[in-house]
Amino acid sequence: EEFAVHLEWELKNLYPDASPEQFVILPYALVNDQGESGNDAMIITVRKSFLNFLNTICERLNGSLHIVDVDHFCAESCLTHTFPEITSRRTVVVGVDEDTIDASLLIKGKNAHIQTMKRNSADLSVVDQYARNKRAETIFLHGRIVTQAMADELKELTSYPVQLSDPFR
């Protein structure tokens, strides 16, 4: 919570007339010379409007731009650290927000595939299909709007074990 508040403060200093929701933000807490948690942080930001502009250009050129929220990569890293047993399984990591579903396949803890799909309301069958296509062994869910109820719904749709990612386990 304190780190998130600090990030918003930093962003307001850089872009006083903007709100944090207008950006894709990737924060990194930096370590000190001894490799321990330090007092410094680095922030990488990109305006979402710029990414939307790039997406429009790609579509007009009959191409596609796949934008994956940095939270998804952070969740993957967190999972491999917190759940080291997934490094021996084909693991699907699924990030859900209001508009999209980011799904990736980890093999031996390394990213082998990633795909962004438009979210169609409460339909999670695309997650089950992705897991089947990638021959997954387990599914982990994360994201702003992910709840235990969503995980339970997915458990009823799929034959794979489904867990909420808990970085504090």
Practice prompt. List the steps and the verdict of side chain to side chain contact (heavy atoms under 4.5 Å, CB included) for Arg132 and Ser159.
Written response: CA-CA 9 Å; Arg132 288 182 191 289; Ser159 59; 4.1 Å; yes
Worksheet entry | Derivation of the side chain to side chain contact (heavy atoms under 4.5 Å, CB included) call for Thr116 and Ile101 | CA-CA 6 Å; Thr116 299; Ile101 295 174; over 6 Å; no
Item to complete: Let me see the working for Lys155 and Tyr160 under side chain to side chain contact (heavy atoms under 4.5 Å, CB included), right down to the final yes or no.
Response: CA-CA 7 Å; Lys155 285 177 187 178; Tyr160 302 103; over 6 Å; no
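In this structure, Ile139 is a member of the same hydrophobic cluster as Leu124, with clusters built from ILVMFWY side-chain heavy atoms closer than 4.5 Å. Hydrophobic clustering of Ile, Leu, Val, Met, Phe, Trp and Tyr side chains at less than 4.5 Å, counting indirect connections, keeps Ile114 apart from Val127. Placement of Phe140 and Ile145 in two distinct hydrophobic clusters is found when ILVMFWY residues are connected by side-chain heavy-atom separations under 4.5 Å, directly or transitively. Taking hydrophobic clusters as Ile, Leu, Val, Met, Phe, Trp and Tyr residues chained together by side-chain heavy-atom distances below 4.5 Å, Met117 shares a cluster with Val94. In the hydrophobic cluster analysis, where Ile, Leu, Val, Met, Phe, Trp and Tyr join through side-chain heavy atoms closer than 4.5 angstrom, Val126 is grouped together with Leu105.
Looking at every heavy atom in both residues, Val93 comes nearest to His72 through O-CE1, 3.1 Å. Residues Asn111 and Ser104 approach most closely at ND2-CB, 3.8 Å, considering heavy atoms. For the residue pair Ala131 and Val92, the shortest heavy atom distance occurs at CA-CG2, 4.0 Å. Taking every heavy atom of both residues into account, Leu141 and Ser165 meet most closely at O-OG, 2.7 Å.
One finds the NZ atom of Lys134 at 11.0 Å from the CD atom of Gln129 (value rounded to the nearest 0.5 Å). Atoms CE and CG, from Met150 and Asp152 in turn, are 11.0 Å apart once rounded to the nearest 0.5 Å. Of the inter-residue distances, the one linking Leu164 atom CG with Leu154 atom CG reads 10.0 Å to the nearest 0.5 angstrom. Atom OG1 of Thr138 sits about 5.5 Å away from atom CD of Gln163, to the nearest 0.5 Å.
Of the possible polar contacts, none joining the Thr82 side chain to the Leu79 backbone as a donor-acceptor pair under 3.5 Å is found. Checked by atom type and distance alone, the side chain of Arg144 never pairs as donor or acceptor with a backbone atom of Asp97 at under 3.5 Å. Between the side chain of Ser77 and the main chain of Phe73, a donor-acceptor pair closer than 3.5 Å is present.
Counted within 6.0 Å of CD on Gln148, heavy atoms from surrounding residues, nucleotides or ligands total more than 12; the atom is thus considered enclosed. Within a 6.0 Å radius of NZ in Lys108, other residues, nucleotides and ligands contribute 12 heavy atoms or fewer.
By the 4.5 Å heavy-atom criterion applied to side chains, Tyr130 and His113 are counted as neighbours. Contact annotation: the side chain of Lys48 never approaches that of Gln22 to less than 4.5 Å [non-hydrogen atoms, C-beta and beyond]. In this structure the side chain of Leu106 reaches within 4.5 angstrom of the side chain of Glu76, judged on heavy atoms.
Look at Arg119 and Asp99 and you find no salt bridge, because none of the NZ, NE, NH1 or NH2 atoms lies under 4.0 Å from a carboxylate O.
Residues satisfying the ring pair (Phe, Tyr, Trp, His ring centres under 6.0 Å) test with Tyr15, not counting sequence neighbours, are Phe23.
For Asp128 and Ser125, the side-chain atoms include no donor-acceptor pair closer than 3.5 Å. Using a 3.5 Å distance cut-off with no hydrogens or angles, the side chains of Glu137 and Thr91 do not pair a donor with an acceptor.
Only one option out of Thr56, Asn55, Leu51, Ile57 pairs with Phe53 in a side chain to side chain contact (heavy atoms under 4.5 Å, CB included); it is Ile57.
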